[in-house]
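Right, one structure below, let's go through it.
Worth knowing before you read on, the calculation uses all heavy atoms, side chains too, and leaves out hydrogens, waters and symmetry mates. Just so it is clear, the structure is predicted and the values come from calculations on it, not from any experiment.
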Amino acid sequence: MFLTKLKTFATAAIIAVTGMTCVTHAVAAEPLKAGFVYIGPVGDHGWTYAHDEGRKAAEAQSKGGVKTTFVENVPETADAERVFRDLAQKGNKVVFGTSFGYMNQMVKVAKAFPNTIFMHATGYKTGANLGVYDVRTYEGAYMLGVVAGKMSKGNKLGVVASIPVPEVIRNINAFTLGARSVNPAITTRAIWVNSWFDPGKEREAALALISQGCDVLMQNTDSPAVVQAAQEKGVLAFGWDSDMSKFGGKAHLAASVLNWSVIYKKTLDEVAAGTWKTGDLWWGVKDGAVNIDSFSSVVPAPVKKLAEERRDGLKSGKLHPFTGPLKDQSGKEFLAAGKVYSDAELKKMDFYVEGVEGTIPK
């Protein structure tokens with residue numbers, strides 16, 4: 001009898017302990033860890049700011065299922081490799097690198113950490129655990145161009161450009177195509193600052209463009225220095241990657257706003273579910289990744305309506321900014337009537353379209 005009771009007590013104890021263990025595991029389930037590497041400061045109000053807003057939104061939408069961390073101001077040098085390695089070693093299951101110049105470092109680190117997933121923004125090299133992603137920023141540039149073409153009085157537009165890679169060249173071209181679609185007399189000039197984020201150089205470039213007669217400015221740089229210079233000199237400009245109206249006042253006509261959260265949420269959900277596969281994500285207006293927003297009161301209602309109609313065309317797929325016939329800067333046709341420039345061709349774009357003045361730095 002005593003042994004029977006002892007066995008019963010032991011069995012009950014085992015059941016109780018096992019049950020407690022199961023409960024403990026359920027409560028202690030750790031969230032998915034994800035790391036983000038930024039080229040600039042989160043307060044740049046441009047590219048990095050937009051990525052960080054996307055990070056925060058994706059984490060909030062996970063409702064505790066994801067825990068993120070970030071490292072800002074990481075140069076596109078060997079130091080980036082150290083940062084990527086450190087994030088992988090700290091147990092981040094997915095690491096996002098948010099600048100083109102991180103590509104080779106990410107390729108190297110991804111091979112060293114095969115159980116970590118790496119995602120590279122704006123790149124083109126992939127691997128078993130390395131994918132690439134981007135937003136169709138050229139769609140935003142095209143919509144801004146439509147507004148610029150209607151608002152310019154002197155028919156001269158200016159672009160403060162960062163680094164001469166296809167992404168930036170493509171945006172300058174799309175901006176020009178949008179403007180010339182409503183005002184064929186428009187010409188565009190670009191000044192290259194060879195940096196993604198350098199407020200001083202961005203301001204100098206903006207002032208130089210204004211001195212050359214450009215009365216509407218766009219930028220492919222990250223700080224609000226361009227819209228600030230525009231406000232100071234009485235010309236017009238746009239927010240780039242985010243709403244910059246608080247810096248530009250009435251000079252700020254509208255903004256091309258990026259929403260990275262849709263890509264981050266998709267990726268994090270797939271990593272958590274174990275369904276992630278390498279590939280190339282390139283999302284635009286129809287995916288909710290880019291939009292024209294924050295129109296100023298100085299933009300006439302018909303101009304705003306026109307820009308929104310173009311946005312609706314992009315969303316439905318009925319409109320593509322790079323639809324022929326199109327000519328390059330020399331006047332030679334590079335796309336026949338009715339043809340659409342492919343994604344593969346867009347990603348290699350290394351020339352200006354008709355209407356853009358100047359040369360591309362080598």
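Residues E53 and K56 are paired through a salt bridge, judged by an N-O separation under 4.0 Å between the basic side chain and the carboxylate. The pair K315-D312 does not meet the salt-bridge criterion, since no charged nitrogen lies less than 4.0 angstrom from a carboxylate oxygen. Taking 4.0 Å as the cut-off between side-chain N and carboxylate O, R82 and D86 do not count as a salt-bridged pair.
With a 4.5 Å cut-off between side-chain heavy atoms of Ile, Leu, Val, Met, Phe, Trp and Tyr, the cluster of V227 takes in M244, F247. Applying the under-4.5 Å side-chain rule to Ile, Leu, Val, Met, Phe, Trp and Tyr, the cluster around Y49 consists of that residue alone.
P41 meets the side chain to side chain contact (heavy atoms under 4.5 Å, CB included) test with D44, E72, N73, F197; sequence neighbours excluded. Under the ring pair (Phe, Tyr, Trp, His ring centres under 6.0 Å) criterion, F113 pairs with no residue, sequence neighbours left out. Annotation: salt bridge (charged side-chain N to carboxylate O under 4.0 Å, His left out) contacts of D343 (sequence neighbours excluded): R136.
Within the structure, side chain to side chain donor-acceptor pair (under 3.5 Å) contacts touching residues 122-132 (residues at least two apart or in different chains) are N104-K125. For residues 103-113, the pairs satisfying salt bridge (charged side-chain N to carboxylate O under 4.0 Å, His left out) are E81-K108, with sequence neighbours left out. For residues 331-362, every residue pair satisfying the ring-ring contact (aromatic ring centres under 6.0 Å, His included) rule, not counting sequence neighbours, is listed here: F334-Y341, F334-F351. The stretch residues 144-157 participates, sequence neighbours left out, in these side chain to side chain donor-acceptor pair (under 3.5 Å) pairs: S152-D215, N155-N183. Among pairs with a residue in residues 225-240, those fulfilling side chain to side chain donor-acceptor pair (under 3.5 Å) read R203-E232, at least two apart in sequence or across chains.
Taking the ring centroids of F84 and Y102, they lie under the 6.0 Å cut-off.
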**Study point:** side-chain contact (heavy atoms from CB on, under 4.5 Å) between V271 and L32, intermediate numbers included
**Key:** CA-CA 8 Å; V271 173; L32 176 75; 3.9 Å; yes

Exercise for review: For side-chain hydrogen bond (donor to acceptor under 3.5 Å, both in side chains), just list the numbers for T275 and E270, CA-CA rounded to whole Å, side-chain angles, deciding distance to a tenth of an Å, and then say yes or no.
Suggested key: CA-CA 5 Å; T275 60; E270 290 176 349; 5.2 Å; no

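Side chain of D243 to backbone of G239: no donor-acceptor contact under 3.5 angstrom is found. R170 places no side-chain N or O within donor-acceptor distance of the main-chain N or O of Y138, the cut-off being under 3.5 Å. Here the side chain of E202 pairs a donor or acceptor atom with the backbone of D198 at under 3.5 angstrom. Using a distance-only test at 3.5 Å, with no hydrogens or angles considered, a donor-acceptor pair links the side chain of Q105 to the main chain of T77. Y38 contributes no side-chain N or O that, together with a main-chain N or O of W47, makes up a donor-acceptor pair within less than 3.5 Å. Although no hydrogens or angles enter the test, the distance criterion places a donor-acceptor pair under 3.5 Å between the side chain of T278 and the main chain of G127. Side-chain N or O atoms of D328 include one that pairs as donor or acceptor with a backbone N or O of S330 at under 3.5 Å. Within the 3.5 Å criterion, the main-chain N or O of A337 finds no donor-acceptor partner in the side chain of E333. Judged by distance alone, the side chain of S294 and the main-chain N or O of A254 form no donor-acceptor pair under 3.5 Å. The main-chain N or O of V94 is never found under 3.5 Å from a side-chain atom of N92 such that the two would form a donor-acceptor pair.
Between the side chains of R55 and Y264, no donor N or O sits under 3.5 Å from an acceptor N or O.
Between H51 and the choices W196, W260, F96, F70, the ring-ring contact (aromatic ring centres under 6.0 Å, His included) rule is met once, by W260.
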Side-chain donor-acceptor distances from residues 279-286 under 3.5 Å, at least two apart:
unit_1	atom_1	unit_2	atom_2	d
D280	OD1	K347	NZ	3.2
D280	OD2	K347	NZ	2.4
W282	NE1	V135	O	3.4

Donor-acceptor list for residues 355-362 side chains, cut-off 3.5 Å, not counting sequence neighbours:
unit_1	atom_1	unit_2	atom_2	d
E357	OE1	R189	NE	2.8

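For the pair N173 and M349, the minimum side-chain heavy-atom distance is below 4.5 Å.
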